[in-house]
Amino acid sequence: MPTSYDTIGINYAELRRPDPRIGATIGRALGAAKTVLNVGAGTGSYEPSDRAVTAVEPSAEMIRQRPASAATAIQGYAENLPLADNTFDASMALLTVHHWADKEKGLKEMRRVTRGPIVLLTFDPSQRGCWLTDYIPELVALDDAQMPKMTDYEGWLGPVTIAPVPIPYDCTDGFLYAYWRRPEAYLDPKKRAAMSSFWALNNASERLEKLAIDLETGAWRKRYADLLSLEELDVGYRLVISIPP
């Protein structure tokens, strides 16, 4: 069954390289787990190399781009995991839950097959930490529409801990708000092609013309000068961890 990432995922592995600092945060959250399920696994970013990983991914294109060293991926959906109860020490789903057709069902499926922690990297739509929404205000409505609220996770999974994940200024992973200190990146159509939000917007090119002008005139750097000395910034990404009772 084709998925949106059969199109969006072209060149994904090249543009969405895992950042080791974010990877270390995820690794700590997984704790002592020896067996890990990665749901919505994509090209295998952030899969720990020192644990036994099973990957589930709906897109054939994303599976095709997984490196030979990555865990073998099962083509399937979060909402119907083809796995037995309590199979894994931990599970993770990174920047993917907002794409699921039934988020609650998918997360409950993760809990069904997971004995220990569920680790989610997601985005808090109540946060407006990145200047990009000043140029493309439609991103606010898009985030509100597709991103679960932080309170949803407790409703679906029970008690959770939620912590900010500050993004380094030189983050190697090209997700939507990763270029908060490198605005020129948003003018590169190749980089934008690896961000699903841009595929959902019809007038991004028009909005980005203003950004291009402000970069050329220096207006952007004058307006956001306080960002240029920061090493990292909280732009709204969150680590949500569910521990079973």
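Residue numbers count from 1 along this sequence.
- When side chains are defined from C-beta on, Tyr46 does not count as touching Asn38, because their heavy atoms never get closer than 4.5 Å.
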**Q.** Residue pair Met195, Leu201: steps toward the side chain to side chain contact (heavy atoms under 4.5 Å, CB included) verdict
**A.** CA-CA 11 Å; Met195 305 172 191; Leu201 300 176; over 6 Å; no
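- Residues Glu109 and Ala78 approach most closely at CB-O, 3.3 Å, considering heavy atoms.
- Annotation: Phe175 is not in aromatic contact with Phe123 [ring centroid separation under 6.0 Å not met].
- Under the 4.5 Å side-chain heavy-atom criterion for Ile, Leu, Val, Met, Phe, Trp and Tyr, Val53 and Leu81 are members of distinct hydrophobic clusters.
- In this structure, Thr172 contributes its side chain and Pro18 its backbone to a donor-acceptor pair below 3.5 Å.
- Counting all heavy atoms, side chain and backbone alike, Gln146 lies closest to Lys103 at O-CE, 3.3 Å.
- With sequence neighbours excluded, the residues satisfying side chain to side chain donor-acceptor pair (under 3.5 Å) with Asp214 are Tyr135, Lys210, Arg223.
- Partners of Thr151 under the side chain to side chain donor-acceptor pair (under 3.5 Å) rule, at least two apart in sequence or in another chain, do not exist in this structure.
- Judged by distance alone, with hydrogens and angles left aside, the side-chain atoms of Asp152 form a donor-acceptor pair with the main-chain N or O of Lys149 at under 3.5 Å.
- Rounded to the nearest 0.5 angstrom, Glu154 CD and Ile162 CD1 are separated by 8.0 Å.
- A salt bridge is absent between Glu104 and Arg111: the closest approach of a Lys/Arg side-chain nitrogen to an acidic carboxylate oxygen does not fall below 4.0 angstrom.
- Inspection of the Tyr179 and Asp188 side chains reveals no N or O donor paired with an N or O acceptor under 3.5 Å.
- Between Tyr224 and Trp220, the ring planes lie tilted relative to each other; the angle falls in the 30° to 60° range.
- For the pair Tyr186/Leu215, no side-chain contact is recorded, criterion being any heavy-atom separation below 4.5 Å from C-beta on.
- No side-chain heavy atom of Leu37 sits under 4.5 Å from any side-chain heavy atom of Thr87.
- Between Lys108 and Asp102 there is no salt bridge, since none of the side-chain N atoms of the basic residue sits less than 4.0 Å from a carboxylate O of the acidic one.
- Residues Arg66 and Gly42 come closest through the heavy atom pair NH1-O, 3.1 Å.
- Side-chain contact between Ser242 and Tyr153 is absent, with no heavy atoms from C-beta onward closer than 4.5 Å.
- Tyr77 and Ile63 fall into different hydrophobic clusters, where Ile, Leu, Val, Met, Phe, Trp and Tyr side chains are chained together by heavy-atom contacts under 4.5 Å.
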Q: Let me see the working for Tyr169 and Leu227 under side chain to side chain contact (heavy atoms under 4.5 Å, CB included), right down to the final yes or no.
A: CA-CA 9 Å; Tyr169 80 94; Leu227 298 180; over 6 Å; no
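- Taking 4.5 Å as the limit, every side-chain heavy atom of Ile167 sits out of range of all side-chain heavy atoms of Leu233.
- Note that CG of Asp85 is 11.5 Å distant from CZ of Arg115, once rounded to the nearest 0.5 Å.
- The main-chain N or O of Thr35 is found under 3.5 Å from a side-chain atom of Asp89 such that the two form a donor-acceptor pair.
- A single hydrophobic cluster is not seen to contain both Ile26 and Leu157; linkage of ILVMFWY side chains at heavy-atom distances under 4.5 Å, directly or through other members, places them apart.
- Nearest heavy-atom pair across His98 and Ser196 is NE2-OG, 4.4 Å.
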Q: Take Ile213 and Glu216, measure what side chain to side chain contact (heavy atoms under 4.5 Å, CB included) needs, and give me the verdict at the end.
A: CA-CA 5 Å; Ile213 292 170; Glu216 184 176 353; 5.6 Å; no
Q. Taking it one step at a time, do Ile118 and Phe88 satisfy side chain to side chain contact (heavy atoms under 4.5 Å, CB included)?
A. CA-CA 10 Å; Ile118 293 175; Phe88 300 95; over 6 Å; no
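- Rounding to the nearest 0.5 Å gives a distance of 8.5 Å between CG of Asp143 and OG1 of Thr133.
- Between Leu30 and Pro117, the shortest heavy-atom contact is O-CG, 4.1 Å.
- The main-chain N or O of Leu228 is never found under 3.5 Å from a side-chain atom of Arg221 such that the two would form a donor-acceptor pair.
- Residues Leu139 and Leu176 meet the side-chain proximity criterion, which asks for heavy atoms closer than 4.5 Å.
- Taking all atoms of both residues into account, the shortest heavy-atom contact from Thr43 to Pro67 is O-CD, 3.4 Å.
- Under the 3.5 Å distance criterion, the side-chain polar atoms of Trp131 are matched with a main-chain donor or acceptor of Trp180.
- Thr96 is not listed as a side-chain neighbour of Glu57, based on a closest heavy-atom distance of 4.5 Å or more.
- Here the OG atom belonging to Ser45 is positioned 7.5 Å from the CE atom belonging to Met62, to the nearest 0.5 angstrom.
- Between Val39 and Val97 there is no side-chain heavy-atom pair separated by less than 4.5 Å.
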Q: Decide salt bridge (Lys or Arg N to Asp or Glu O under 4.0 Å) for Arg207 and Glu138; before the verdict, give the C-alpha distance in whole Å, the side-chain angles of both, and the deciding distance to 0.1 Å.
A: CA-CA 10 Å; Arg207 300 294 195 188; Glu138 292 85 355; 2.5 Å; yes
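- Remark: Thr122 OG1 to Leu239 CG distance equals 10.0 Å, nearest 0.5 Å.
- Taken to the nearest 0.5 Å, the CD atom of Glu47 stands 9.0 Å off from the CG atom of Leu94.
- The main-chain N or O of Ala101 is found under 3.5 Å from a side-chain atom of Glu79 such that the two form a donor-acceptor pair.
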